[in-house]
Structure formats: structure tokens, C-alpha cells
Amino acid sequence: MERISGVISSAEHFDPTTATRRFRLGAPDGAVSILVPVLMKRLEKEAPGIDFAMLQVLPRPGSNSHDQAWRDALADLDAGRLDLAILPHRPAQARFHATTLYPEDFVFVTRSGHPLGRKPTVMAIANARHVLVSATGDTSGNVDRLLAERGLDRRIALTVPSFLMAVSAIASSDLIGALPRGFAKEAARTYDLQIVNAPFEMMSSDLIAIVPEAAMLDQSIAWLVETVASCFC
């Protein structure tokens with residue numbers, strides 16, 4: 001009720017060119033790296049008084065479903081701790097408004113000149129030294145399941161808590177990592193990397209912008225959703 005009352009009280013005309021407000025967005029760092037450069041450039045011209053707090057959201061470790069994995073982020077939306085979340089999951093609950101941003105799949109990333117780029121076989125991937133993004137240090141990921149289906153495993157030589165840390169390690173070593181394609185393309189603008197398509201089907205999903213349905217009564221939140229979505233067009 002407190003959230004709804006706040007939305008109703010703020011359901012007034014919103015002019016981004018003159019408004020002053022700070023929005024709190026939660027997203028995986030792979031999505032943030034794509035969003036922020038475009039968003040900041042647009043705000044300078046279209047909404048100079050609008051500020052953002054970008055918070056990293058992570059799936060809950062050990063979750064057996066998408067609903068369980070991202071329930072903390074959804075709870076933060078319900079409580080008003082986040083204004084908008086970007087997740088690789090469309091919530092089933094009717095109390096959320098969901099907007100598809102873009103499809104995302106995973107690729108392998110290596111330093112430029114790494115031999116995997118010349119011969120990206122399943123065996124070459126299994127024999128490589130891997131970096132895995134894991135907030136808890138857990139060494140099991142989606143690639144392990146795909147390799148296990150083929151009777152293979154891999155060595156996780158390094159775990160790091162973010163994609164940004166992973167790409168830094170990859171660029172300066174022979175490590176390889178499975179990273180979101182969009183993030184990898186953006187990172188290749190800064191680091192000397194090569195993007196390698198896997199010889200098997202990798203994880204893929206749509207990235208979704210999520211806000212409470214009731215919050216869409218707030219013109220500033222409706223503007224926020226539209227603006228974030230336009231940054232991925």
C-alpha cells in the first residue's frame with residue numbers, strides 16, 4: 001500500500017527536460033555496460049537533471065528456477081528499493097510490467113590471437129583454462145553442463161564476481177570465458193579480444209526491463225521504461 005500511495009501521489013505531469021530525480025536501476029553488469037554509454041549521452045541533452053544509481057543484481061546461488069534465482073530483485077522492486085530491474089527473465093506475476101529489451105546469447109571470449117579462434121572445437125574448449133563469473137566462487141556453470149552431456153569437463157582456473165573482471169583477465173592471459181555477446185562486443189572496443197561462437201548451443205534469453213505494474217501510473221517511471229528500452233534499439 002505504501003508503494004501504491006507513493007505512485008498515486010507522484011502521478012502528475014513529468015517533464016524530463018526540467019525534472020530533477022534520481023532513479024535506482026538494478027541489472028547484471030553485462031547489461032549495464034551496454035546501457036550506460038548510450039543512456040548518459042541521451043540524458044545530457046534530453047534530461048540534464050536526471051541522475052541514476054546503477055546497482056548490480058545477481059541470481060540467488062543454488063536456485064532451481066528463474067523465479068527463485070531473481071526473486072530478490074523482484075522483492076526490491078516491490079519494496080521500492082529499485083525503480084527498474086533488467087533481468088534475463090520475464091516474471092509470471094501480473095503485478096509486474098515487463099518490456100523486452102533485446103535477445104542475448106553467450107559466446108566464448110579470448111585474447112586476440114588465441115588458438116581457440118582458429119579451431120573452436122568442443123575438445124579445445126574442454127582443454128582450455130576458463131574464467132567463470134560467480135559471485136560466490138562456485139565453479140559450476142552452464143558450460144559445465146553442456147560439456148558433461150558430451151562426457152567432458154573443464155578446468156576453472158579463476159572465478160570473479162563480474163563480467164568486467166573476467167574480460168580484464170581474459171585480455172591479459174590465455175584464459176577463455178563464456179560471456180554475453182552484447183557485453184563482449186562492447187568490451188572489444190576497449191580490450192584486444194576475439195569473440196568465438198561455440199560449436200554447441202549456448203545459453204540464450206531475452207533481457208527484460210521490469211517495473212511494478214502500479215508504478216506505470218507514475219509518468220516518470222513510464223518515461224524511464226521507454227528511455228531504457230530505446231537505448232537498446
Side-chain angles (χ1 to χ4, degrees), residues 27-35 56-70 73 86-90 100-208 232:
D29 67 323
V32 170
S33 68
I34 300 173
L35 170 63
Q56 185 174 8
V57 297
L58 298 167
R60 177 172 286 198
S63 300
N64 296 320
S65 69
H66 285 298
D67 283 331
Q68 290 182 356
W70 300 106
I86 298 175
L87 304 178
H89 167 61
R90 180 181 294 273
T100 301
L101 299 178
Y102 66 100
E104 184 69 280
D105 64 336
F106 276 66
V107 293
F108 285 103
V109 179
T110 75
R111 63 164 176 79
S112 182
H114 191 288
L116 186 69
R118 297 191 299 273
K119 196 174 183 181
T121 64
V122 175
M123 190 59 68
I125 290 169
N127 289 336
R129 296 166 63 244
H130 291 247
V131 56
L132 175 67
V133 177
S134 170
T136 63
D138 178 43
T139 57
S140 179
N142 188 60
V143 173
D144 297 280
R145 178 183 61 80
L146 294 171
L147 290 175
E149 292 173 354
R150 294 159 174 81
L152 299 169
D153 58 12
R154 62 173 176 166
R155 176 187 171 190
I156 303 298
L158 175 68
T159 67
V160 294
S162 74
F163 291 123
L164 289 171
M165 291 182 185
V167 80
S168 177
I170 289 168
S172 59
S173 70
D174 279 337
L175 292 170
I176 74 169
L179 305 178
R181 185 185 297 273
F183 169 78
K185 288 181 177 179
E186 188 65 28
R189 295 161 59 93
T190 302
Y191 295 95
D192 192 12
L193 302 171
Q194 61 181 356
I195 296 172
V196 181
N197 290 317
F200 42 73
E201 186 173 353
M202 293 279 276
M203 181 175 65
S204 62
S205 63
D206 288 337
L207 270 290
I208 310 293
F232 293 98

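Atoms considered below: every heavy atom in the structure, side chains included; atoms not considered: hydrogens, waters and symmetry mates. These numbers come from a predicted model, not from an experiment.
Screening residues 151-170 for salt bridge (charged side-chain N to carboxylate O under 4.0 Å, His left out) gives D144-R154 as the qualifying pairs, with residues at least two apart or on separate chains. The ring-ring contact (aromatic ring centres under 6.0 Å, His included) analysis of residues 124-170, with sequence neighbours excluded, yields the pairs F163-F183. For the salt bridge (charged side-chain N to carboxylate O under 4.0 Å, His left out) condition, the pairs that include at least one residue of residues 106-125, sequence neighbours left out, are R111-D174.
Taking 4.5 Å as the limit, every side-chain heavy atom of L58 sits out of range of all side-chain heavy atoms of P161. Contact check for S162 versus Q56: side-chain heavy atoms found under the 4.5 Å cut-off. With a 4.5 Å cut-off on side-chain heavy atoms, D67 and H89 count as touching. Between V196 and V107, every side-chain heavy-atom pair lies at or beyond the 4.5 Å cut-off. Residues R181 and N197 meet the side-chain proximity criterion, which asks for heavy atoms closer than 4.5 Å. Two residues are said to be in side-chain contact when any heavy atoms from C-beta on lie closer than 4.5 Å; T190 and V167 fail this criterion.
In this structure, Y191 has no ring-ring contact (aromatic ring centres under 6.0 Å, His included) partners at least two apart in sequence or on a different chain. Residues that satisfy the side-chain contact (heavy atoms from CB on, under 4.5 Å) test with T100, not counting sequence neighbours, are R90, D206, I208. Looking at residues two or more places apart in sequence or on another chain, you find a side chain to side chain donor-acceptor pair (under 3.5 Å) between T110 and Q194.
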For this session: Would you check, one step at a time, whether the test side-chain contact (heavy atoms from CB on, under 4.5 Å) holds for F200 with E149?
Result: CA-CA 11 Å; F200 42 73; E149 292 173 354; over 6 Å; no
For this session: Under the side-chain contact (heavy atoms from CB on, under 4.5 Å) rule, what do T159 and D138 come out as? Steps first, then yes or no, please.
Result: CA-CA 8 Å; T159 67; D138 178 43; over 6 Å; no
Problem set entry | Candidate pair F106 and V143, rule side-chain contact (heavy atoms from CB on, under 4.5 Å), full reasoning | CA-CA 10 Å; F106 276 66; V143 173; over 6 Å; no
Problem set entry | I125/F108 under side-chain contact (heavy atoms from CB on, under 4.5 Å): CA gap, chis, key distance, verdict | CA-CA 9 Å; I125 290 169; F108 285 103; 3.5 Å; yes
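At least one donor-acceptor pair closer than 3.5 Å links the side chain of S172 to the backbone N or O of S168.
The two atoms that bring A169 and L175 nearest to each other are CB-CD1, 4.1 Å, heavy atoms only.
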